[in-house]
Colleague: 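So that we are looking at the same thing, I have put the structure below in structure tokens.
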Amino acid sequence: MADKADYKATMNLPVTDFPMRANLSVREPDQLEFWERIGVYQRSLEVNAGGELFILHDGPPYANGHIHMGTAFNKVFKDLIVKYKTMRGYLAPYVPGWDCHGQPIEHQVEKNLGPEKMKTTTQAELRALCRDYAMKFVGVQADEFKRLGVRGDFEDPYLTLNHAYEAGNVRIFKAMFDRGMIYKGAKPIHWCVRCKTALAEAEIEYSDETSDSIYVKFEFTSRHELFSHLSEAVSIVIWTTTPWTLPANVAVTLAGAADYVGVRVGGEVLVMAEALVTAVAAAAGWSDYEVLPQRVKGAELAGLHYRQPIHAGVEGVIITGDHVELTTGSGAVHTAPGHGEDDYLVGRAFGLPMPMPVDDEGRFDVGGGPFAGLQVWEANPVIVEWLREQGSLVAAAKISHSYPHCWRCKRPVIFRATEQWFVSMDHAAPGVRPLREGAMDAIGRVEWIPGWAINRMSAMVGDRPDWCISRQRAWGVPIPVFSCVKCGETIANDTTFDAVIELFEREGADAWFIKAPAEYLPEGVACPRCGGTDLRAEDDILDVWFESGVSHTSVLDARPELRRPAELYLEGSDQHRGWFQSGLLTSVGAYDEAPFKAVLTHGFIVDGDGRKMSKSLGNVISPIDVVAKSGADIIRLWACSADYGQDISVSDEILDRTSEAYRRIRNTFRFLLSNLHDYTPADAVAWDDMLELDRYAMVTLADLVEKVSKAYDEWRFHMVYRSIYDYCVTDLSSFYLDVLKDRLYADAATGRERRSAQTVLAAMLSAMVRLVAPVLTFTSEEIWRFMPESMRDGAESVQLAGWPVVAVDEAEATRLRDAYAVVLAVKDEVTRALEFARAEGLIGKSQEAKVLVSAPASAVSILRDRGARALSDMLMVSEVELVEGQPVSPAPASVEVLVADGVKCPRCWNLRSDIGGDPAYPDLCSRCATVVTG
RNA sequence: GGGCCCGUAGCUCAGCUGGUUAGAGCGCACGGCUGAUAACCGUGAGGUCGAUGGUUCGAGUCCAUCCGGGCCCA
């Protein structure tokens, strides 16, 4: 007679080397090395060589600094989609890209150089340094993305500084220029008069500055009827802190809906907002004034004219605008469209002229009238004095307020209109549909995910002003046009464009800054106006958004493995204003169609309280740290588990929860692997020979595959996560696998019962490892390599293994689902009853119990049909007695728990009444005796 | 200030076109098991559905306002 220890040796206990502890941060690099070795990206294209194309076009992150949680999330999302599509048989090339040009890099390089070195650095040298800087971070970020498990053509990514990419900008510029959508205009920008350069918003530092604060009256030359009876002079009163902008005044803007009144003071009438009369009176020190009873809306005064305050014989006009505030000043805003953002916008809306009497050095030209030759800062006190002499100064004081300064020289900057290039939203060549119209139309044809995104995009494109595409910088792609040195005429035609395209393709945009136009333009290119042949290349460069926007041409069209339009663009919600729009506008502008068939947007990454991450709040979580601590698969699982339609929270707690869920999934795989150690597909049991519970389990697996596939197809990735996770926990761990243990461990190793179970476990392993592969890219590969060769379907990597198919007969599936719904409902009641019995000390483990189940006849019949042994196995008790009866609603059954009669079998630990049937093994139950006998 | 969007248990999510006492898993508390063991099983306690009004026989679900948060503008 064998003792206890020997019986254990006769059991088929789980065996595996697959580690329970993931130790991802250490183990993940092994998979990276493996993918590198087999060239998994190329292989993913080869296996689907004839498949339908699926192009997810990567939006290029800026090549500056390390990745953050937002970039990590975005890239992981793209990767899981590409991997899913690959496994579904699509040919899904993925070419990562980087945005390499632009002000932030140039700014950083200039800061690194310092002002002294900067002075002796040529533009070409600066560009070379910027290139080095960008390339360094392309390398850094590429490594970080790869570490996250992202698969793609990192050998040959697209970079906006590549020659062919740069040439694509010219192709699009040419197409849009030829279609009459590009024009030269003027727009005010921040300008440093000392450095003689334009400044980007990021190059502005705000600090307090003392300025003049003056109220000035402009006398009406036409009167509103309300004031027509007055004999005195009537003037509008404006307030400004920049006296030097008065020579460029062309209008006064009022709030259309506000009330304006006349104030009689010192023998004249001054008009201002009623709400600000007191404030103006205080500033002017009026002791004796009279507010006239007539009130008039700002809108009613619109169209009146007044004497321009500086230039004799010139008139300005009253208009209305939304930007007029009634909290400071007089409610009448001096408007010089060349010297302010609001002024510019309102001026354009009203078709006002834009005089610009200030030159590069901040000096008035003849347009400055009496102040010609003065520099604007010198002019301020002179103008104030002059106004006083003219009698138009109502009040003057000094104020201290926040004012923009140049980051280089720390001097105050001015707003100054300069020549810029624009893309017109509403004008195009004859016969060409205007851009806005084409873009709105294209938006309607694109699939937007989530659905509300179309509203946002439509609103933005519907409202947006013309696109200013020129920048006064060095690090970028030049605006590809020329001007005539002799007469200043713009020269841009297909001949010059084509020559520039060829130049950029051959030598890159750097050549533009080194070579003279004559060196690359064909002979005979001459000014269409004066015939001059001395041409000058444009100084300005293109807005980087234009550059990244043209990736549809520079990348999708240019690379043989890709094509335009892409199936999908996928970025954060800020890209409605950014890349989605610049891609759309440049594509519609050139081709009259969108560059994408679908656009998926996700929210921003915020902390556990829903707040944005910032250094000052101290709530920043770095993906690099998470990878080092927990592993990339944890980030991937987290990304998949969130509902990306809204903002996505991340915190230590959330990541801890994610790690726990990960462990649960991992352990489920470990259980499957460990119980398949002695199984090969040749041992599979045919459907008709399988136990019923196992067939039911196959139904649940088929349901899971369908649910998960649908979730992927509908872009509902958190449903992928939830379905798989719930399946592991609910269907498998707490029911099927728990029930299966007795059969797996104690039944004959190669008997039908055990093989039937293993057939299901193998199907589960094979299907589930594929379902999770797009998300848990490292872990799934690790599992794949632990699977016996015979189960890997000839695929070296799970990424190349295709998508699972679990076929079940639908009629039988329905019968099983219905029957097991009853079984599971009863099992719930039984476990609850067992818990009470346990609390009373009646039983310990559930096998010590015998249960009396009382249920309606229909349920009893269903339970009975499963078979007595199957039923007690599923309920995990020693014996079940069924009684017809009415349970207390809403419970499906009432359950009574008794102590089981049997004796514990020392091998399978069940309480059995058939112990000792075999004289050779008098302590064993008959099943175990049979198994041990062999 | 404007446009778009979000706010259901400690966490992540379900709650379809408004209709019984708002669900799941995790976490937590308590218990079981010790042949998935730095695992596994069970029971239980947790929610004024951001707030306030309104429409309705009836609202987490519709409307308004407010509060909090995010992106993009100004």
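Residue numbers start from 1 in every chain, and the chains themselves are labelled A, B, ... in the order their sequence lines are given, proteins ahead of strands. Just the heavy atoms: all of them, side chains too, but no hydrogens, waters or symmetry mates, feed the values below.
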Colleague: Given 3.5 Å as the limit, does a donor-acceptor pair link the side chain of A/Arg436 with the main chain of A/Gly462, or not?
Modeller: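 Checked: pair present.
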
Colleague: Using the side-chain heavy atoms of A/Ile654, tell me which of these nucleotides is nearest: B/C11, B/G70, B/C6.
Modeller: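 Output: B/C11.
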
Colleague: A/Ser641 near the nucleic acid: base, sugar-phosphate alone, or nothing, with a heavy-atom cut-off under 4.0 Å?
Modeller: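 Result for A/Ser641 = sugar-phosphate.
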
Colleague: With heavy-atom distances below 4.5 Å as the criterion, would you say the side chains of A/Glu848 and A/Val877 are in contact?
Modeller: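 No, their side chains stay 4.5 Å or more apart.
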
Colleague: Mind checking if A/His718 touches a base, just sugar-phosphate, or nothing, with heavy atoms under 4.0 Å?
Modeller: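 Since only primed, P, OP1 and OP2 atoms lie under 4.0 Å of A/His718, the category is sugar-phosphate.
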
Colleague: For a quick check of understanding: with a heavy-atom distance under 4.0 Å over all strands, which category does A/Asp342 fall into, base, sugar-phosphate or nothing?
Modeller: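 If one applies the 4.0 Å heavy-atom cut-off, A/Asp342 turns out to touch the sugar-phosphate alone, with no base involved.
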
Colleague: Any idea which of B/U37, B/C6, B/G3 is nearest the A/Ala459 side chain?
Modeller: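 Output: B/G3.
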
Colleague: Taking the side chain of A/Thr831 as heavy atoms from C-beta outward, which of B/U43, B/G35, B/C6 is closest to it?
Modeller: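 My answer, after comparing the listed nucleotides, is B/U43.
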
Colleague: Using side chain to side chain contact (heavy atoms under 4.5 Å, CB included) as the criterion, point out the one residue from A/Leu570, A/Ile449, A/Asp647 that pairs with A/His602.
Modeller: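 Among A/Leu570, A/Ile449, A/Asp647, the one meeting side chain to side chain contact (heavy atoms under 4.5 Å, CB included) with A/His602 is A/Leu570.
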
Colleague: Is there a side-chain contact between A/Ser780 and A/Val772 in this structure, where contact means two heavy atoms from C-beta onward sitting under 4.5 Å apart?
Modeller: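 Yes, close enough: below the 4.5 Å cut-off.
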
Colleague: Which whole number of Å gives the distance between the C1' atom of B/A59 and that of B/G54?
Modeller: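 These two C1' atoms come out 12 Å apart once rounded.
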
Colleague: May I have the distance from A/Trp452 (atom CH2) to B/G3 (atom C1'), rounded to whole angstrom?
Modeller: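 Rounded to whole Å, this separation is 12 Å.
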
Colleague: Using a 4.0 Å heavy-atom cut-off, does A/Arg907 contact any base of the nucleic acid, only the sugar-phosphate backbone, or nothing at all?
Modeller: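 The residue A/Arg907 makes base contact.
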
Colleague: Would you mind classifying the nucleic acid contact of A/Ser649 as base, sugar-phosphate or nothing, using non-hydrogen atoms under 4.0 angstrom?
Modeller: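 If one applies the 4.0 Å heavy-atom cut-off, A/Ser649 turns out to touch the sugar-phosphate alone, with no base involved.
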
Colleague: Examine the base of B/A36 for any acceptor or donor lying under 3.5 Å from a partner atom in the side chain of A/Ser733, and report the outcome as yes or no.
Modeller: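 Flag set: donor-acceptor pair detected.
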
Colleague: Using the side-chain heavy atoms of A/Asp738, tell me which of these nucleotides is nearest: B/G69, B/U37, B/C40.
Modeller: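 Looking only at heavy atoms from C-beta outward on A/Asp738, the closest nucleotide is B/C40.
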
Colleague: Output one line per pair: protein atom, nucleotide atom from nucleotides 26-33 of chain B, and distance, for all N/O pairs under 3.5 Å.
Modeller:
{"from": "B/G32", "atom 1": "O2'", "to": "A/Arg838", "atom 2": "NH1", "distance (Å)": "3.4"}
{"from": "B/G32", "atom 1": "O2'", "to": "A/Gly844", "atom 2": "O", "distance (Å)": "3.4"}

Colleague: Counting any heavy atom closer than 4.0 Å, what does A/Met11 reach on the DNA or RNA strands: base, sugar-phosphate only, or nothing?
Modeller: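 Contact class for A/Met11: base.
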
Colleague: Rounded to whole angstrom, note down the C1' distance from B/C66 over to B/U20.
Modeller: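 The same atom, C1', in both gives a distance of 33 Å.
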
Colleague: Output one line per pair: protein atom, nucleotide atom from nucleotides 71-73 of chain B, and distance, for all N/O pairs under 3.5 Å.
Modeller:
{"from": "B/C71", "atom 1": "O2'", "to": "A/Arg456", "atom 2": "NH2", "distance (Å)": "3.4"}
{"from": "B/C71", "atom 1": "O2'", "to": "A/Asp574", "atom 2": "N", "distance (Å)": "3.3"}
{"from": "B/C71", "atom 1": "O2", "to": "A/Arg456", "atom 2": "NH1", "distance (Å)": "3.3"}
{"from": "B/C71", "atom 1": "O2", "to": "A/Arg456", "atom 2": "NH2", "distance (Å)": "2.6"}
{"from": "B/C72", "atom 1": "O4'", "to": "A/Arg456", "atom 2": "NH2", "distance (Å)": "3.1"}
{"from": "B/C72", "atom 1": "O2'", "to": "A/Arg577", "atom 2": "NE", "distance (Å)": "3.3"}

